[in-house]
Every structure is written in C-alpha cells, then in structure tokens.
A.B. asks: 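Here you go, one structure.
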Number of protein chains: 2
Amino acid sequence: MAEDRRTKRTRRALSDALVALVLERGFTAITVEDVAERADAARATFYSHFQGKEDLFTRVTSDLVAELAERMQPAVTESAIGFTGKPLLELLRHARDERDRYRIVLRGEGDGRPLQMFTDSLARATSEQFRLRAERNGVTPRIDSELLARVWVGEQLAVLRWWVEHDAPPMPAEEVTRMLLELAMHGRYWASGFDAPS
Amino acid sequence: MAEDRRTKRTRRALSDALVALVLERGFTAITVEDVAERADAARATFYSHFQGKEDLFTRVTSDLVAELAERMQPAVTESAIGFTGKPLLELLRHARDERDRYRIVLRGEGDGRPLQMFTDSLARATSEQFRLRAERNGVTPRIDSELLARVWVGEQLAVLRWWVEHDAPPMPAEEVTRMLLELAMHGRYWASGFDAPS
DNA sequence: CTGTTTCTGAACAGAGTGTATGAAAATGCT
DNA sequence: AGCATTTTCATACACTCTGTTCAGAAACAG
C-alpha cells in the first residue's frame, strides 16, 4: 500500500497543468478551476491533494530544488579545490532539461516566494563550495565573504534567467561556463576590453 | 486648476498605505479594502484613482524607477571613461533613502512585474554605461557583451537586496562600492584569497 | 459666496475560494 | 474474480473580494 496509482497520476497531472498555465497566463491570472480543468480533474480533487495553487506551486518548486541539489552534490565536492565551473555547468544542464519549471520560478511568479526558495538553496550550495575551498586551500577571502557569495549567486541567477528565456539557447552551456570562469579569473575590467590593471 | 489638493493627498495616502501593508503582510495577502482603510479613505475612492492594487503598485514602482533614473543620470555620463563606481554609489544612496519601496520591489512582490520594471531600467542604464565606455576608450569586450551586462546587473541587484534587507546596514555604501570595484578589477578568484592567475 | 470637483457610504452582481457530502469508479490484495 | 478500501466526482453552500454605480455630503478654487 505504498502509493495509489491514482494519486500519483492526479498529482502529476495537476503539477504539469499548473506549470503550463503559469507559463501561458502568469500565476495570478489562473484559478484552481483552470488548473483542475487542464488536468482533467475535479476541483474537489485538487483540494484533496493541495491547499491551494500557492501550495501546489511551492511543492513543484521544492521538488525542482531537491532534484537540483542532488544533481549538483558531486560537482560541488569535486570542485572544492579550484575553480572548475562544474557546479555551474550542472546547474545549466538541469535548467535545460527542466526549462519550463525554471522559467516560471526564475520569473518570480507566485509572489516571488518560489524564487526565494530556489535562491536560498543555491546560496547554501555556494556557501558550502566557498567554505570547502577556503578550508582545503588555506586561503582567506580578501573581501567580505558574505558579499562575495551574494555576488556569485546573483551572477548565476541573472545568467540563468537570460539563458532559459531564449527560445534558441544563445550559446551552449559549456561556453557560458567558460566565460564566467574567465570573468572570475580576470575580472570585469579585463572582460570589458581594458588591459590588466596595475 | 493645476491639481486638486484632495487628489494629491489621497494618492499619497493610498501609496504609503500600500507600501506599508505590503511590507507587513505581502502583496497577495492584502486587499483593496485594507489599503483604503489604512489610508483613511473609502474603497470607492481607491477605485476612482487606480484600477486595482496591481495598478497602484505599478505606479509606485514606476515613480521609484523614474526618480532613480534622474538621480543616476549624471553619475553614468561622468563615469563613462573608467570604472568609478559612481552609478552604483548613487543607486545605494537612493536605496537607503527609499528603503521601504526598494524592499518590496526587490522582494519580487506583486508577481515580480514591478521587479521586472526595475531590473529593465537598471539594465538600460548599465548598457548605456558600457556602450559609452567602450566607445570613448576604443576597447572591444573580450566576452559576450550581453552576458557581461546581465552579470553586472545581477551582481548589483543581489548586493542591493542583501543591503536593504538588513535592519542595520552591514556596511556603508562607500565600502560596498569599493569592494565591488576591487572585484571588477581583480576578479572573484583573487577576491577569494587566491593569488593572481598566471 | 458659488459652481465644480472629489469623497463617501451603501448597494449590487459576479468570480473565486474553501469545505462538505454521498454516490460512482478505480485500485490493491487475497 | 471478488471484496474492502481509497480516490474521484459532481453538486451545493457560505464566504470573501472585486469592480461598478449612484446620490448626497464635503472640500476645493477663484
């Protein structure tokens, strides 16, 4: 009695319907009725699984976040020594595979709370990465580490948003990673075309 | 007959009430009735000025964006030659003066559309800054310029969000600017404590 | 003071929410 | 295949919020 087939089917259908509808009309513009209808389910059935559309969206997001965390884990520990770009590459690949869910989350649909969840999760992974790297290499940051983490998370999210919103990917994930790695190495001054500072 | 005193008073009261309530309970949790009551106005009065709470929030945001644009303009043209940090500093100062409005916008309240407006405006200013600088110095970017712009906007927003969400500012605006300038000069690799790359 | 504009409170229809119910259908297990 | 259990369904209900209308009261500009 692990799991009834019907509940699994229903939950999946409702989740997919929500994602599709949010993508089409935006979160605030859709109703529970809309979601249920798209999923070929009764409204009462919706409420027997979720408390409301916010609740459903929250679960969709936390599933996404969990999948990402699991997928990034090896890349994070692996790149604990230097700047490899592995975690970022894994993030981009996951976003490519789950493009629709990424788009609605990154757009800040649903009052921005799902995006907040996503951001926090990424921030946690980033902090761990920094911590591990500093520890294993015996280095101490030259600028405030909290600020540094914010900056890096902000960069990743901005690039990610830009990347998933293009119908045809503007450039392959590997190239994005390479560029951000160069940026990390040489700074934005250099990347803008100026020569290295004194 | 330039402007009736009553309309000015009412609009201001409704705007302030909205900002305060969104800060307290979040945009979705408040009703038009709530806003009107807080502003000591009738619900019918609200609707004679705005189409709904989304409309009011949009206007609050576009006012903020307009003020910022006007305030940043001189800093942008002034720093068209090198990396001065002036535009960022002006942004931080504006955020300090208008903290509440910045907080609700940056949190992505109201379906993220206000945040979108803000982001777009900042992106436009940033692009112009880049364009001017590249033109006057005769340099060409070493990595994709659109990606570069996204990264820089993402950084600024992330730092801004972090900065305005602290009750006591974690560090003065001048210091934030200085750190981000160093980051632009030397890169994240250096900032993390590593020596300069080969 | 006077004509004009705005504010007010009340009323109304409509949409969406969240809950409850009993019958019908699908499922898991033996 | 048969049966007990669980899920789904349609319908109904009270409730909140929305958006509009309107006539009288209040505030305004000149």
Side-chain angles (χ1 to χ4, degrees), chain A residues 1-63 104 109-114, chain B residues 1-63 104 109-114:
Chain A
M1 59 176 288
E3 171 101 73
D4 195 310
R5 249 192 256 167
R6 289 168 293 179
T7 66
K8 210 188 227 169
R9 264 176 55 87
T10 305
R11 287 213 172 96
R12 156 130 254 149
L14 288 170
S15 298
D16 291 349
L18 180 90
V19 173
L21 285 169
V22 171
L23 211 47
E24 288 172 19
R25 295 184 226 159
F27 186 78
T28 46
I30 67 175
T31 69
V32 170
E33 178 74 60
D34 294 332
V35 178
E37 193 185 8
R38 174 70 65 105
D40 285 312
R43 202 164 65 90
T45 305
F46 181 103
Y47 281 109
S48 77
H49 287 281
F50 307 103
Q51 297 197 357
K53 57 176 186 166
E54 298 81 8
D55 181 34
L56 174 51
F57 195 8
T58 299
R59 287 175 196 245
V60 166
T61 305
S62 65
D63 286 354
I104 62 175
E109 294 279 1
D111 239 25
R113 254 167 282 272
Chain B
M1 56 176 290
E3 170 100 74
D4 196 311
R5 248 193 261 167
R6 288 168 294 179
T7 67
K8 209 187 229 170
R9 265 177 54 86
T10 306
R11 287 214 171 94
R12 158 129 254 149
L14 288 170
S15 298
D16 290 349
L18 180 89
V19 173
L21 285 170
V22 171
L23 211 47
E24 288 173 20
R25 295 183 226 161
F27 186 77
T28 46
I30 68 174
T31 69
V32 171
E33 177 76 60
D34 293 333
V35 177
E37 192 186 8
R38 174 72 65 106
D40 285 312
R43 203 163 63 91
T45 306
F46 181 104
Y47 282 109
S48 76
H49 288 283
F50 307 103
Q51 297 197 357
K53 58 177 186 164
E54 298 81 6
D55 181 35
L56 173 53
F57 195 9
T58 300
R59 289 176 194 245
V60 166
T61 307
S62 64
D63 286 353
I104 63 176
E109 295 279 1
D111 239 24
R113 254 168 283 272

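Source: prediction; values computed, not measured. Below, chains carry the letters A, B, ... as their sequence lines are ordered, and counting in each starts from 1.
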A.B. asks: Taking NZ, NE, NH1 and NH2 as the nitrogens, is one of them in B/Asp16 or B/Arg12 under 4.0 Å from a carboxylate oxygen of the other?
C.D. replies: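 A salt bridge links B/Asp16 with B/Arg12.
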
A.B. asks: Between A/Lys53 and A/Ile30, is there a donor-acceptor pair closer than 3.5 Å when you use the side chain of the first and the backbone of the second?
C.D. replies: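 Here the side-chain-to-backbone pair exists.
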
A.B. asks: Would you compute the distance between atom CG of A/Leu21 and atom CD1 of A/Ile104 and round it to the nearest 0.5 angstrom?
C.D. replies: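 Answer for the CG-CD1 pair, A/Leu21 versus A/Ile104, is 10.0 Å.
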
A.B. asks: Examine distances only and state if a side-chain atom of A/Asp111 and a backbone atom of A/Arg113 form a donor-acceptor pair shorter than 3.5 Å.
C.D. replies: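 Looks like no, no N/O pair under 3.5 Å.
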
A.B. asks: Identify, residue by residue, the members of residues 6-22 of chain A with a heavy atom below 4.0 Å from DNA chain D, and return them in order of residue number, or none.
C.D. replies: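 Hits under 4.0 Å, by residue number: A/Arg6, A/Thr7, A/Thr10.
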
A.B. asks: Can you check whether B/Tyr47 has a side-chain N or O nearer than 4.0 Å to OP1 or OP2 of D/dT20?
C.D. replies: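 Indeed not, no polar side-chain atom of B/Tyr47 lies that close.
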
A.B. asks: Looking at side-chain heavy atoms only, is the closest gap between B/Phe50 and B/Arg11 below 4.5 Å?
C.D. replies: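 With C-beta onward as the side chain, the pair touches.
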
A.B. asks: Checking B/Thr31 against B/Asp34: is there a side-chain donor and acceptor pair closer than 3.5 Å?
C.D. replies: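 There is such a pair between these side chains.
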
A.B. asks: CD/B/Glu33 to CD/B/Glu37 distance, rounded to the nearest 0.5 angstrom?
C.D. replies: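 So the CD of B/Glu33 and the CD of B/Glu37 are separated by 6.0 Å.
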
A.B. asks: Is it true that B/Arg59 and B/Asp63 have a side-chain N and a carboxylate O under 4.0 angstrom from each other?
C.D. replies: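 Between B/Asp63 and B/Arg59 there is no salt bridge, as every charged N stays at least 4.0 Å from the carboxylate O atoms.
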
A.B. asks: Based on Watson-Crick and G-U pairs with both distances under 3.5 Å, what dot-bracket line describes DNA chain D 5' to 3', crossing pairs as [ ] and inter-strand pairs as |?
C.D. replies: ||||||||||||||||||||||||||||||

A.B. asks: Rounded to the nearest angstrom, tell me the gap between atom CD in A/Glu3 and atom C1' in D/dT7.
C.D. replies: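 Nearest whole value for this atom pair: 12 Å.
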
A.B. asks: Nearest whole angstrom, please: distance from the P of D/dA26 to the CG of B/Asp4.
C.D. replies: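 So the CG-P distance, B/Asp4 to D/dA26, works out to 17 Å.
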
A.B. asks: If I take atom CZ from residue B/Phe46 and atom CG from residue B/Asp55, how far apart are they, to the nearest 0.5 angstrom?
C.D. replies: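 The CG atom of B/Asp55 is 7.5 Å from CZ of B/Phe46, to the nearest 0.5 Å.
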
A.B. asks: Could you tell me whether the side chain of A/Glu109 and the main chain of A/Phe27 form a donor-acceptor pair under 3.5 Å?
C.D. replies: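 Side chain of A/Glu109 to backbone of A/Phe27, a donor-acceptor pair under 3.5 Å: yes, one is there.
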
A.B. asks: Tell me whether the OP1 or OP2 atom of C/dG28 has a side-chain N or O from A/Arg5 closer than 4.0 Å.
C.D. replies: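 For A/Arg5, the contact criterion (side-chain N or O under 4.0 Å from OP1 or OP2 of C/dG28) is met.
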
A.B. asks: Respond yes when some side-chain nitrogen or oxygen of B/His49 is under 4.0 Å from OP1 or OP2 of C/dC7, and no when none is.
C.D. replies: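 Yes, because at least one side-chain N or O of B/His49 sits under 4.0 Å from OP1 or OP2 of C/dC7.
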
A.B. asks: Once you round to the nearest 0.5 Å, how far does NE2 of B/His49 lie from OG1 of B/Thr10?
C.D. replies: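 Taking NE2 in B/His49 and OG1 in B/Thr10, the distance rounds to 4.5 Å.
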
A.B. asks: Going by heavy atoms closer than 4.0 Å, what residues in residues 23-46 of chain A are next to DNA chain C?
C.D. replies: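 Under 4.0 Å from DNA chain C: A/Thr31, A/Val32, A/Arg43, A/Ala44.
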
